[in-house]
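Read the structure below first, then the notes.
Since the structure is predicted, the reported quantities are computational estimates derived from the model, not experimental observations. Along the sequence shown, residues are numbered consecutively beginning with 1.
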Amino acid sequence: MGRWGASSSLLLEQIKLTSQSSHFVSSSSFLLKSTQQQHIPISKPSSWGFRFISANPCPSHIDDNDFFDGVHEFGQNIEKEKKVEKEKVTNIPVKAYFLSTSIDLKSMQAEYSCNVIPPTSRSSSNYIALRYCDFPFKVSRTGGEKIGSCWRYMVVFQYGSAVLFNIEEDEVDSYLKLVRRHASGLLSEMRKDDYAVKEKPLLKEDMQGGPDYIVLKRLDIDGIRIIGSVLGQSIALDYFVSQVDGMVEVFTDINRDMEKTGNFTMRRKKLFQLVGKANSNLADVILKVGLFDRSEIAWRDAKYAQILEYLREEYEVTQRFGNLDFKLKFVEHNIHFLQESLQNRKSDFLEWCIISLLSIENVISIYEIIHESSAAAL
């Protein structure tokens, strides 16, 4: 029988092993299927309950290691599937909006108290974080792995920004309507910025940056607060920069007119309005937006401090404020110059008034002298 006798004994030995341990049941099925595929017929069960395997010659070849190689490969496939399952990345869309110059957080907190997340630090007085739940589960269309969580988050800031987490484009308006009800000074054109957070549980570092996204092991509520604060400040800074750019253009036109005519025609009221606008913008950036305020969340945990520092560098917050401050100094210099010019113009006017009064007084004095002289002669 030669080769086929060895193969038959190998098969009988494997069937014996399967009767001793249930662990190899699936493997035995694999072996019997491979045997059938190699045209080794299996006879019907006899009255004694045994299966007799034919030893007729067949041109196929069976390797003794095929069985164990199959089991090993099957185990490797399971491990690969588990690894791929763990390495799946969840995409969470983030959208930042600047829609007004002020938002009443107290009234908003009172109306949506059931959705407000309790603050974890004393420095959270200029914003509130809200959590919403939608059923059934929504699916993200931003690419990557589907978002299985139904939670939506919104961070609203007193100076007019709102940052939305895990909210799709078609849902944005319904959430922003909740904010507009408590906002004042609504802008005619709302500003928007898009970002994304990717959750990767097997990430070795605490965070990893990318173009318009950040990778975290897990996005928690403190991470939402940190990311929301930077995005809210950045979108608000864009608005204030545009306001200062408008003032720079006004003074640029005034300087060009002065270059051509040697004079300027701005009224004192208009100049004072520009002064007030420049001062209020600077105060809003420093006090309301809080660009230089310390974050207690980042102070307590170095992980959040790293995220904060990365995002501030990514959005160039410090450099953009430096450019804003430079433009404000240019505006301030021009305002100071124009104020002096207006003051000199007023002083000149008063001087001419005094000269005119003195001249009139002299004329009256001369008239009186002449009148008295003529009366004395008579």
Between Tyr175 and Tyr132, does the ring centroid distance fall short of 6.0 Å?
yes
What I want to find out is whether Lys95 reaches Asp193 closely enough, with some N-O distance under 4.0 Å, to be called a salt bridge.
no
Hey, are Arg225 and Asp222 close enough for a salt bridge, meaning a charged N less than 4.0 Å from a carboxylate O?
yes
Test side-chain contact (heavy atoms from CB on, under 4.5 Å) on Met108 and Ile128 and set out the steps.
CA-CA 9 Å; Met108 190 172 183; Ile128 57 173; 4.1 Å; yes
State whether Tyr97 and Lys192 meet the cation-pi test: NZ (Lys) or CZ (Arg) under 6.0 Å from the six-membered ring centroid, and within 45° of the perpendicular axis.
no
Closest contact, heavy atoms only, Ala278 versus Leu328
O-CD2, 4.0 Å
So Val197 and Tyr213, side-chain contact (heavy atoms from CB on, under 4.5 Å) or not? Walk me through it.
CA-CA 6 Å; Val197 177; Tyr213 69 85; over 6 Å; no
When you check the gap from the basic side-chain N to the acidic O, do Lys217 and Glu205 get nearer than 4.0 Å?
no
Keeping to residues at least two apart or across chains, list the side chain to side chain donor-acceptor pair (under 3.5 Å) pairs with something in residues 270-285.
Gln243-Lys277
Looking at every non-hydrogen atom in both residues, tell me the closest pair between Lys303 and Asp301 and how far apart they are.
N-OD1, 2.9 Å
Salt-bridged, Asp173 to Lys177, with N to O below 4.0 Å?
no
Decide yes or no for Val163 and Met154: does some side-chain heavy atom of the first lie under 4.5 Å from some side-chain heavy atom of the second?
no
Evaluate the side-chain contact (heavy atoms from CB on, under 4.5 Å) criterion for residues Ile286 and Phe321: first the C-alpha distance (whole Å), next the side-chain angles of each, then the deciding distance (0.1 Å), finally the verdict.
CA-CA 10 Å; Ile286 296 176; Phe321 176 78; 4.2 Å; yes
For Ile226 and Ser295 the tightest heavy-atom approach is CD1-OG, 3.4 Å
Any idea which heavy atoms bring Gly160 and Ile103 closest together, and the distance?
CA-CD1, 3.7 Å
Side chain Asn334, main chain Phe330, donor-acceptor under 3.5 Å:
yes
Once side chain to side chain donor-acceptor pair (under 3.5 Å) is applied, what residue pairs with a partner in residues 232-241 remain, sequence neighbours excluded?
Ser234-Arg320, Asp238-Arg320
In the structure I gave you, are the side-chain heavy atoms of Val89 and Asn91 within less than 4.5 Å of one another anywhere?
yes
Does a side-chain heavy-atom distance below 4.5 Å link Glu168 with Pro93?
yes
Got Gln306 and Met207 here, is their nearest side-chain heavy-atom distance under 4.5 Å?
yes
Side chain of Glu199, backbone of Leu219: donor and acceptor closer than 3.5 Å?
yes
Kindly say whether Ile369 contributes a backbone atom to a donor-acceptor pair with the side chain of Glu372 at under 3.5 angstrom?
no
Parallel, tilted or perpendicular, as decided by the 30° and 60° cut-offs, for the rings of His182 and Tyr112
perpendicular
Whether Trp151 and Tyr153 hold their rings parallel, tilted or perpendicular, with breakpoints at 30° and 60°:
tilted
Out of curiosity, Leu271 CG to Ile254 CD1, how far, rounded to the nearest 0.5 Å?
7.5 Å
Heavy atoms of other groups near Asp206 CG, more than 12 under 6.0 Å
yes
Glu296 versus Arg294: any side-chain heavy-atom pair under 4.5 Å?
yes
Measuring from atom CZ of Phe337 to atom CD of Glu332, what distance do you get when rounded to the nearest 0.5 angstrom?
15.5 Å
I need the minimum non-hydrogen distance between Leu324 and Val244, along with the two atoms involved.
CD1-CG2, 3.3 Å
Taking the side chain as every heavy atom from C-beta outward, state whether Asn115 and Arg131 have any pair of such atoms under 4.5 Å apart.
no
If you group Ile, Leu, Val, Met, Phe, Trp and Tyr by side-chain heavy-atom gaps below 4.5 Å, do Val215 and Tyr310 land in one group?
no
Should Ile224 and Trp299 be regarded as members of a common hydrophobic cluster, given that ILVMFWY residues are connected when their side-chain heavy atoms come within less than 4.5 Å of each other, either directly or indirectly?
no
Could you check if a side-chain atom of Val241 sits within less than 4.5 angstrom of a side-chain atom of Lys327, using non-hydrogen atoms only?
yes
side-chain contact (heavy atoms from CB on, under 4.5 Å), that's the test. Do Asp194 and Val94 meet it? Break it down for me.
CA-CA 6 Å; Asp194 290 324; Val94 184; over 6 Å; no
Taking Phe157's backbone N and O only, do any of them form a donor-acceptor pair with Ser161's side chain (distance below 3.5 Å, no angle check)?
no
How long is the straight-line distance from CD1 of Ile221 back to CD1 of Ile117, given to the nearest 0.5 Å?
3.5 Å
Are Tyr159 and Phe292 connected into the same hydrophobic cluster when the rule is that any two of I, L, V, M, F, W, Y join if their side-chain heavy atoms are below 4.5 Å apart?
yes
Quick one: do the Asp220 and Tyr304 side chains pair a donor with an acceptor below 3.5 Å?
yes
Verify the cluster assignment for Leu203 and Ile227: are they in a single hydrophobic cluster under the rule of side-chain heavy atoms below 4.5 Å apart?
no
If I compare all heavy atoms of Val248 with all of Val331, which pair ends up nearest, and what's the gap?
CG2-CG2, 3.9 Å
Could you grab the distance from atom CD1 of Ile354 to atom CD of Glu361, nearest 0.5 Å is fine?
12.0 Å
Straight-line distance of Ile214 CD1 to Lys198 NZ, nearest 0.5 Å:
12.0 Å
Same apolar cluster: Phe251 and Phe326, side chain cutoff 4.5 Å
no
How many angstroms lie between atom CG of Asn166 and atom CD of Glu171, to the nearest 0.5 angstrom?
8.0 Å
